[in-house]
Participant: 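So that we are looking at the same thing, I have put the structure below in structure tokens.
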Amino acid sequence: MTGARPIPHTIGVAFGAFWGMIGAHALPDPVRTIASIAVGLAACGLIARLWLGAPLAGGGNALFRHKAYLLAVAFEVAAILAASALLPRFGLGAYFPCVVGAIVGLHFIALWHASGARRFLAIALAMCVVSLGAMLLPAASRDILLGFGNALVLWIGAGLA
């Protein structure tokens, strides 16, 4: 492969797999096992496509050194830590994964600011809609939509350049 390595896209696929596993593990057995295998295979296939296919724009690491991005990650970590401490205190601990999804979605605004790539705004909006929308669902369905929805958002976003 020539050109920049697709490290940011690969990170997006990997975090998409993380969210996909949240969705898969919210399913009953044996569907849970099948869905988990499918998520793993999909992620491996997407990563192989990224590394073996034509170079994508925005594949370099300079983005991760941009001040706006570094500040966003610091605020993201602080917000997740605050949510993990505060939500259970108010009896809202079940919503923690949804809040994390919204916080992670918001951090993509800084990626847009650092890179100028509008796809990050679309990812931010989609992750926030999926994550906040999942809060409206009954507990049995919440993590399924949250996990698979955010996985699809990140996987589609990783393929856009």
Side-chain angles (χ1 to χ4, degrees), residues 6-50 53 56 58 63-64 69 72-115 117-161:
I7 293 171
H9 300 301
T10 303
I11 292 169
V13 171
F15 275 107
F18 168 77
W19 285 106
M21 288 298 178
I22 289 173
H25 284 261
L27 296 169
D29 269 331
V31 179
R32 172 185 305 146
T33 302
I34 295 167
S36 296
I37 292 168
V39 166
L41 290 173
C44 288
L46 289 168
I47 290 171
R49 179 191 163 276
L50 287 171
L56 297 171
L63 180 63
F64 299 123
Y69 179 73
V73 170
F75 285 123
E76 176 185 27
V77 170
I80 291 170
L81 291 172
S84 73
L86 294 173
L87 290 173
R89 197 174 272 173
F90 293 100
L92 300 171
Y95 295 102
F96 178 69
C98 297
V99 171
V100 169
I103 292 167
V104 170
L106 290 173
H107 112 284
F108 280 95
I109 295 172
L111 282 171
W112 161 73
H113 181 72
S115 70
R118 293 181 55 112
R119 71 185 172 99
F120 292 125
L121 290 177
I123 294 169
L125 177 64
M127 282 194 75
C128 288
V129 167
V130 166
S131 299
L132 297 175
M135 288 180 163
L136 304 174
L137 295 176
S141 305
R142 188 177 304 133
D143 286 348
I144 297 169
L145 172 70
L146 177 71
F148 290 129
N150 280 331
L152 287 174
V153 167
L154 290 172
W155 287 344
I156 291 167
L160 299 175

Participant: May I have all residue pairs that pass salt bridge (charged side-chain N to carboxylate O under 4.0 Å, His left out) and include part of residues 86-110, sequence neighbours excluded?
Facilitator: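 Every candidate salt bridge (charged side-chain N to carboxylate O under 4.0 Å, His left out) pair involving residues 86-110 fails, so no pair, neighbours aside, qualifies.
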Participant: Taking all atoms of both residues into account, what is the closest heavy-atom pair of Ala110 and Ala72, and its distance?
Facilitator: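 Looking at all heavy atoms of both residues, the shortest contact is CB-CB, 3.0 Å.
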Participant: As an exercise, state the distance from CG of Leu146 to CD1 of Ile22, rounded to the nearest 0.5 Å.
Facilitator: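 With rounding to 0.5 Å, CG (Leu146) is 6.0 Å from CD1 (Ile22).
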Participant: Quick one: pull up NE2 in His9 and CD1 in Ile47 and give me the separation to the nearest 0.5 Å.
Facilitator: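 Interatomic distance, His9 NE2 to Ile47 CD1, rounded to 0.5 Å: 12.5 Å.
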Participant: Is the backbone of Leu111 close enough, under 3.5 Å, to the side chain of Ser115 for a donor and an acceptor to pair up by distance?
Facilitator: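 Side chain of Ser115 to backbone of Leu111, a donor-acceptor pair under 3.5 Å: yes, one is there.
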Participant: Identify the heavy atoms of Ala83 and Ile103 that sit nearest to each other, and give their distance.
Facilitator: CB-CD1, 4.5 Å
Participant: Could you check whether any side-chain heavy atom of Tyr69 comes within less than 4.5 Å of a side-chain heavy atom of His107, counting everything from C-beta outward?
Facilitator: yes
Participant: Main chain of Phe120, side chain of Trp112: is a donor-acceptor contact present, judged purely on distance under 3.5 Å?
Facilitator: no
Participant: Any side-chain heavy-atom pair from Leu121 and Leu125 closer than 4.5 angstrom?
Facilitator: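 No. Closest side-chain heavy atoms not under 4.5 Å.
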Participant: Mind checking the CG-SG spacing from Leu92 to Cys98? Nearest 0.5 Å is all I need.
Facilitator: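 Answer for the CG-SG pair, Leu92 versus Cys98, is 11.0 Å.
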Participant: Starting at CD1 of Ile123, measure out to CZ of Arg119 and round the result to the nearest 0.5 Å.
Facilitator: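 The distance works out to 5.5 Å.
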Participant: Rounded at 0.5 Å granularity, tell me how far CG in Leu132 sits from CE in Met127.
Facilitator: 10.5 Å
Participant: Can you run down the ring-ring contact (aromatic ring centres under 6.0 Å, His included) pairs that involve residues 11-44, sequence neighbours left out, and say none if there aren't any?
Facilitator: none
Participant: Name each donor-acceptor pair under 3.5 Å that joins a side chain in residues 33-46 to protein atoms two or more places apart or in another chain, with its distance.
Facilitator:
residue	atom	partner	partner atom	Å
Thr33	OG1	Asp29	OD1	3.4
Ser36	OG	Arg32	O	2.8

Participant: Which pair of heavy atoms, one from Leu145 and one from Ala134, lies closest together, and at what distance?
Facilitator: CD2-CA, 3.9 Å
Participant: Please give me the minimum heavy-atom distance between Leu50 and Pro6, naming the atom from each residue.
Facilitator: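 Nearest heavy atoms, Leu50 then Pro6: O-CG, 3.6 Å.
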Participant: Just how far is it from atom CG of Leu154 to atom CD1 of Ile11, taken to the nearest 0.5 Å?
Facilitator: 11.5 Å
Participant: Could you check if a side-chain atom of Asp143 sits within less than 4.5 angstrom of a side-chain atom of Pro97, using non-hydrogen atoms only?
Facilitator: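 Sidechains of Pro97 and Asp143: in contact.
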Participant: Any heavy-atom pair between the side chains of Tyr95 and Arg142 that's under 4.5 Å?
Facilitator: yes
Participant: Where do Phe96 and Leu87 come nearest, in terms of heavy atoms and distance?
Facilitator: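 That would be CA-CD1, 3.7 Å.
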Participant: Quick one: closest heavy-atom pair of Ala17 and Trp155, and the distance?
Facilitator: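 Closest approach of Ala17 to Trp155: N-NE1, 3.6 Å.
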